[in-house]
Amino acid sequence: MNTTAQDLKTWLTDRIAFYLEVPADTISPDVKLVEYGLESVYALALCGDVEDEFGIEVEPTLAWDYPTVDALTGLLEERLAGASAA
């Protein structure tokens, strides 16, 4: 799977917007997700979505450890690069 950073950012933004019930274009990639009111249940659901979509395991604290779309994108890029190299 050859997923670009922009693909990851778009996918993450769409998923977060879905959980927040807001348009994706209202999610800024450098604003902390808690500032949008992302609840813990949705943060955990996002972890499951990431694992299902990309086939990589992530910690349940993902949204707190990487609190913005940009930070999450960077982590996923790194993990996916490592997974394809293995």
Side-chain angles (χ1 to χ4, degrees):
M1 174 195 250
N2 190 10
T3 306
T4 67
Q6 188 57 51
D7 292 339
L8 293 170
K9 189 176 287 192
T10 299
W11 184 86
L12 285 165
T13 301
D14 288 346
R15 294 307 306 152
I16 292 162
F18 170 78
Y19 289 125
L20 294 173
E21 299 180 359
V22 299
D25 63 3
T26 64
I27 305 294
S28 179
D30 59 352
V31 172
K32 290 185 178 184
L33 301 177
V34 295
E35 291 184 29
Y36 288 114
L38 187 70
E39 296 177 13
S40 58
V41 66
Y42 295 129
L44 287 173
L46 181 63
C47 292
D49 292 344
V50 167
E51 291 178 346
D52 291 346
E53 182 73 16
F54 301 107
I56 56 174
E57 281 191 39
V58 294
E59 296 296 320
T61 56
L62 177 74
W64 288 273
D65 295 341
Y66 301 89
T68 66
V69 170
D70 282 342
L72 287 166
T73 299
L75 172 73
L76 292 180
E77 277 185 294
E78 184 180 297
R79 292 277 183 91
L80 290 171
S84 66

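Given the structure is predicted, the values throughout are model-derived calculations rather than measurements.
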Inset, instruction - Classify the ring geometry between Phe54 and Trp11 as parallel (under 30°), tilted (30 to 60°) or perpendicular (over 60°). - result: perpendicular
Distance from [X] atom [atom1] to [Y] atom [atom2], nearest 0.5 Å?
{"X": "Leu76", "Y": "Asp7", "atom1": "CG", "atom2": "CG", "value": "12.0 Å"}
{"X": "Glu78", "Y": "Thr73", "atom1": "CD", "atom2": "OG1", "value": "12.5 Å"}
{"X": "Leu20", "Y": "Arg15", "atom1": "CG", "atom2": "CZ", "value": "11.5 Å"}
{"X": "Tyr66", "Y": "Glu59", "atom1": "OH", "atom2": "CD", "value": "9.0 Å"}
{"X": "Leu33", "Y": "Leu72", "atom1": "CG", "atom2": "CG", "value": "6.0 Å"}
{"X": "Ile27", "Y": "Leu12", "atom1": "CD1", "atom2": "CG", "value": "11.0 Å"}

Check: [Y] main-chain N/O paired with [X] side-chain donor or acceptor under 3.5 Å:
{"X": "Thr61", "Y": "Trp64", "result": "no"}
{"X": "Arg79", "Y": "Glu57", "result": "yes"}
{"X": "Glu77", "Y": "Thr4", "result": "no"}
{"X": "Thr26", "Y": "Pro23", "result": "yes"}
{"X": "Tyr36", "Y": "Ile16", "result": "no"}

Legend entry - Minimum heavy-atom distance between Cys47 and Leu62, given as atom pair plus value: SG-CB, 3.6 Å
Legend entry - Closest contact, heavy atoms only, Ala24 versus Asp14: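 Reported closest heavy-atom pair: CB-OD1, 3.5 Å.
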Legend entry - Ile56 side chain reached by Glu51 side chain, heavy atoms, under 4.5 Å: no
Legend entry - Side-chain heavy-atom pair Leu8, Leu80 within 4.5 angstrom cut-off: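 The answer is yes, as the side chains (C-beta and beyond) meet within the 4.5 Å cut-off.
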Legend entry - Phe18-Val69 co-clustered via ILVMFWY side chain contacts under 4.5 Å: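 Hydrophobic grouping puts Phe18 with Val69.
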Legend entry - Single-linkage hydrophobic cluster, 4.5 Å side-chain cutoff, Leu38 and Val31 together: yes
Inset, instruction - Return yes if a side-chain donor-acceptor contact under 3.5 Å exists between Tyr19 and Asp49, otherwise no. - result: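 Note: Tyr19 and Asp49 side chains meet the donor-acceptor criterion.
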Legend entry - Short side-chain donor-acceptor distance under 3.5 Å, Ser28 and Asp30: yes
